[in-house]
Amino acid sequence: MEILVCARRVPDTSENEIELNSAGNDIERDDLVYSINEWDNYAVEEALQIVARVGGNVTVVTVGGEDDEEILRREMAMGANHGVLISDDAFRGSDGRGLATILAVFVRKGPYDLILTGVQAEDGGAQVGGMLAALLDYPFASLVNSVEVLDGKLKVSREIAGGNKEINEIDLPCVLSIQTGINEPRYVGMRGIRQVASIPIPTPSASDLGIDPATVGQAAAKVKRVDYFVPALGKGAEMLQGSREENIDKLLELVAAKGGLK
Amino acid sequence: MARIFAYIVHKVGVADDSATELVAAAKKIDPAASPTAIVTGCGADLDAVCSTLRSSYSEVWKIAHETLAYPNAELIRKALVKVLPQGSILLVAHEHFGIDLAPGLSIKLNSTFVSDVLVIEGVDGVTLRVVRQEFGGQVSTHVRCDISSGAVITVRPGAFKPLESAPASGSVVDKSSEIGVLVARRRYLETVVAEAGDVDITKHSVLVSIGRGIQEKDNVAIAQELADALGAAVSCSRPVVDAKWLEKSRQVGTSGKTVKPKVYLACGISGAFQHLAGIKGNPFIVAINKNPKAPIFQVADVGIVDDLLEFLPEFTNKVREMRTVSAK
Ligand SMILES: Cc1cc2nc3c(=O)[nH]c(=O)nc-3n(C[C@H](O)[C@H](O)[C@H](O)COP(=O)(O)OP(=O)(O)OC[C@H]3O[C@@H](n4cnc5c(N)ncnc54)[C@H](O)[C@@H]3O)c2cc1C
Ligand SMILES: Nc1ncnc2c1ncn2[C@@H]1O[C@H](COP(=O)(O)O)[C@@H](O)[C@H]1O
């Protein structure tokens with residue numbers, strides 16, 4: 001099975017406090033720790049596990065800039081066979097539809113039987129996978145939390161409300177958006193990354209792929225982010241500002257008063 | 001202004017809470033709008049849903065077909081492409097069905113997709129102005145959307161308060177004959193219900209809930225010790241389950257359990273909406289987080305900025321001390 005995994009590099013929210021820049025038009029990006037979008041890492045692990053069972057190759061693709069190459073190397077260190085960086089100034093400012101348009105062109109040029117995306121990107125809208133499937137006219141399943149390969153089709157489970165699972169059969173080729181927790185992504189050390197450091201990564205541009213720049217990027221985007229802000233939602237908590245000991249005493253008193261000591 | 005529709009999710013004959021929220025969202029797009037509900041399904045369940053929707057929508061489009069007995073997004077997408085007028089605005093709740101349906105539908109309708117909307121500010125000409133969140137709710141963004149060729153919009157559950165005044169009795173229009181033959185390349189087989197775990201967190205009045213901030217499996221014991229001292233149970237956010245540190249039955253949130261405790265101690269939990277959606281009954285929420293900007297502090301009653309790995313054991317000791325004093 002030839003599997004393509006779409007991945008994106010994002011600021012790691014568990015490592016960073018996301019703050020606004022002084023102009024309010026972006027988050028403060030200096031000193032941010034970036035990593036692969038969490039969902040996409042699960043998608044790569046799933047692809048590797050499928051290939052381990054039925055054979056084939058895993059390619060990881062990202063639409064981005066030079067800096068985004070690091071996530072491709074990381075996933076290659078995990079075991080992905082190929083990495084591809086689709087990169088062109090014309091792609092800047094693409095909305096979800098623009099990204100899906102670029103990825104669809106790339107998929108059509110390749111041998112892929114199965115395309116995996118993450119459910120959502122930290123700074124995205126859970127949209128690229130479903131759009132990509134529709135552009136390719138492939139069947140789609142979102143929120144996938146298990147995959148079994150059958151003959152010419154897959155048996156997949158989707159996560160629905162309350163931790164219940166919806167089991168479906170889906171014809172290949174298809175697009176799946178992968179949910180966290182589907183597997184336990186393997187660990188990647190610095191050594192592994194060094195081992196793949198010299199493998200060339202192709203970087204096709206808009207013209208290499210035959211993409212009309214007018215159909216992607218800022219110009220074609222119908223959805224545009226204007227600014228970033230931090231809203232004052234609700235009343236906000238009463239913050240305990242004392243020393244740790246004082247805070248503990250106060251908290252104990254409050255919790256007891258609310259019936260928290262049984 | 002384009003005609004506004006709301007796709008209504010339902011189960012066993014009962015419309016989802018989003019049914020009334022989507023009316024409120026439609027009115028934010030166009031105060032004069034009288035949105036049309038669309039429901040698909042079959043049999044008595046579908047009729048029951050149509051009849052309840054008549055109290056909040058002036059028109060209800062019913063699409064009945066046996067193949068739609070289970071809401072398969074691929075089939076429903078095909079049905080909607082057949083019945084929706086060009087340039088329509090379609091609203092649907094941002095949950096497991098909407099996430100499955102909406103992005104692909106927007107491509108097939110050649111309209112704009114706007115995801116997980118929290119606030120609708122209004123429309124200027126063909127520009128819809130909305131507010132979304134990124135990075136698990138740590139920041140919000142103002143977003144402008146060109147809706148000149150229509151839009152598919154997913155709306156965050158709970159973000160829009162249902163209107164007080166509902167229109168009286170709407171009419172049901174049967175659109176079933178317009179959908180033609182639907183063939184799916186993804187076929188629904190069955191639903192597997194979540195397993196009950198060792199502890200039923202929905203029955204506890206005090207929960208010590210841990211998130212990714214607990215950092216590793218061995219640290220779960222720190223929370224368990226506090227829970228034991230308080231007479232509480234340990235629950236958690238999703239990453240703790242994903243990492244297999246606790247069973248799925250301990251997870252609070254949209255894809256986990258809905259809990260109704262009196263006191264909820266959120267330790268190392270950032271406060272993503274999918275987590276908060278599982279906390280009902282207006283409990284007293286305590287947030288312990290080392291990031292003073294964590295969104296959880298906006299919904300908590302009491303907040304403490306501290307390292308939970310140090311704070312929780314000291315708190316546990318204090319609770320134990322107090323217990324021994326009061327036992328004497
Ligand atoms: C379809 C879908 C369904 C979902 N369903 C659910 C669901 O049912 N339940 C759920 O919980 N999530 C769910 N999620 C995931 C959700 O969006 C968030 O990713 C998740 O809730 C984040 O969990 P967290 O707060 O533990 O982790 P994070 O967001 O990573 O936050 C960790 C927090 O811990 C703090 N911290 C770190 N170290 C320490 C320390 N030593 N001391 C104190 N604080 C510390 C950090 O400051 C941070 O605020 C769902 C997502 C999707 C897409
Ligand atoms: N720039 C990108 N390059 C490749 N894949 C992407 C990109 N952006 C998003 N994706 C994929 O689409 C998924 C959903 O992202 P989003 O729709 O932006 O929330 C991600 O988890 C990735 O798999």
Side-chain angles (χ1 to χ4, degrees), chain A residues 11 13-14 17-18 20 27 96-97 122-123 125-127 130-131 133-135 139-143 158-171 180-181 184 222-231 233-234 236-240 244 247-248 251-252 254-255 258-262, chain B residues 74 96 99-100 103-104 107-108 112-116 134-136 138-146 185-194 205-206 212 230-231 241-242 244 248 251 254-256 262-263 284 286-287 291 293 297-304 306 311 314-315 318-319 322:
Chain A
T13 52
S14 54
E17 293 174 21
I18 308 289
L20 307 186
I27 55 171
R97 190 193 181 107
E122 290 282 3
D123 56 355
Q127 55 187 342
M131 288 178 158
L135 288 168
F140 172 65
S142 63
L143 297 160
R158 292 186 61 232
E159 174 184 283
I160 55 174
N164 297 341
K165 295 176 184 174
E166 175 195 294
I167 315 296
N168 293 270
E169 207 174 73
I170 186 167
D171 294 341
T180 56
E184 292 177 71
K222 293 205 164 180
V223 180
K224 290 179 179 149
R225 183 197 291 132
V226 195
D227 63 3
Y228 279 95
F229 66 102
V230 178
L233 288 174
E238 176 201 341
M239 301 302 287
L240 301 188
R244 181 176 293 150
N247 290 345
I248 283 173
L251 184 60
L252 191 54
L254 286 167
V255 166
K258 298 287 170 184
L261 280 171
K262 299 215 315 172
Chain B
E74 184 183 2
H96 64 88
I99 289 174
D100 213 32
I107 296 291
K108 297 298 181 186
T112 300
F113 179 56
V114 197
S115 161
D116 192 15
E134 292 184 9
F135 303 109
Q138 291 194 59
V139 288
S140 293
T141 68
H142 289 104
V143 175
R144 303 273 181 278
C145 321
D146 175 348
R185 290 167 299 170
R186 175 179 129 200
R187 294 161 296 272
Y188 167 73
L189 300 175
E190 60 172 330
T191 300
V192 178
V193 176
S205 61
V206 184
R212 203 192 314 259
L230 290 170
V241 174
D242 287 344
K244 316 256 178 327
K248 181 83 180 168
Q251 181 187 319
T254 52
S255 56
K262 278 199 215 126
V263 177
F284 183 72
V286 177
N291 176 3
K293 299 214 174 74
F297 289 126
Q298 293 172 353
V299 296
D301 296 281
V302 169
I304 295 164
D306 205 342
F311 184 90
E314 288 187 37
F315 187 49
K318 197 76 191 183
V319 174
M322 203 196 76

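Residue contact with chain B, scored on non-hydrogen atoms closer than 4.5 Å, involves the side chain of R97(A) exclusively. Only the side chain of V206(B) comes within contact range of chain A, with at least one heavy atom under 4.5 Å from a heavy atom of that chain. Interface remark: V241(B) contributes no atoms to any contact with chain A (heavy atom separation under 4.5 Å). Heavy atoms closer than 4.5 Å to chain A are found in both the backbone and the side chain of V192(B). For R185(B), the parts lying under 4.5 angstrom from a heavy atom of chain A are both the backbone and the side chain. Of the atoms belonging to D306(B), it is side-chain heavy atoms, and not backbone ones, that fall under 4.5 Å from chain A. Heavy atoms of F315(B) lying under 4.5 Å from chain A belong to its backbone as well as its side chain. In this structure, no portion of A133(A) lies under 4.5 Å from any heavy atom of chain B. Heavy atoms of K248(B) lying under 4.5 Å from chain A belong exclusively to its side chain. Looking at T112(B), the atoms closer than 4.5 Å to chain A (heavy atoms on both sides) all sit in the side chain, from C-beta outward.
Contact check for K262(B) versus F284(B): no side-chain heavy atoms found under the 4.5 Å cut-off. The shortest distance between side-chain heavy atoms of R158(A) and S142(A) falls below 4.5 Å. Using a 4.5 Å heavy-atom threshold, the side chains of F311(B) and I248(A) count as touching. Inter-residue side-chain proximity for L261(A) and V319(B) is flagged as met; some heavy-atom pair is nearer than 4.5 Å. Side-chain contact between I27(A) and V139(B) is present, with at least one heavy-atom pair separated by less than 4.5 Å. The closest side-chain heavy-atom distance from V230(A) to S140(B) is not below 4.5 Å.
Remark: E74(B) does not engage R186(B) in a salt bridge, criterion side-chain N to carboxylate O under 4.0 Å. Under 4.0 Å is where a charged nitrogen must lie from a carboxylate oxygen, and between D146(B) and K224(A) no such pair does. Ion pairing between E190(B) and K165(A) fails under the 4.0 Å rule for side-chain N and carboxylate O.
Ranked by heavy-atom pairs under 4.5 Å with chain A, the first of R144(B), K318(B), M322(B), K244(B) is R144(B). Residue with the most contacts toward chain A among G136(B), S205(B), A300(B), G231(B): A300(B) (heavy-atom pairs, distance under 4.5 Å). Your options are I160(A), V255(A), L135(A), L254(A), and the one with the most heavy-atom pairs under 4.5 Å with chain B is I160(A). Interface check for chain A: of the options T191(B), V263(B), V143(B), D100(B), the most heavy-atom pairs under 4.5 Å are formed by D100(B). Residue with the most contacts toward chain B among V223(A), T13(A), D123(A): D123(A) (heavy-atom pairs, distance under 4.5 Å). Among N164(A), N168(A), I18(A), the residue with the largest count of heavy-atom pairs under 4.5 Å with chain B is N168(A). Heavy-atom pairs under 4.5 Å with chain B were tallied for G125(A), G259(A), A126(A); the largest tally goes to G125(A). Here R187(B) is the residue among Q138(B), R187(B), E314(B) with the most heavy-atom pairs under 4.5 Å with chain A. When the candidates D171(A), L240(A), N247(A), L143(A) are compared by the number of heavy-atom contacts under 4.5 Å with chain B, D171(A) comes out ahead.
Within 6.0 Å of NZ on K108(B) lie more than 12 heavy atoms contributed by other residues, nucleotides or ligands.
Counting only N and O atoms by type, the side chains of Y228(A) and E134(B) include a donor and acceptor under 3.5 Å apart. Checked by atom type, the side-chain pair Q127(A)/S115(B) shows no donor-acceptor distance below 3.5 Å.
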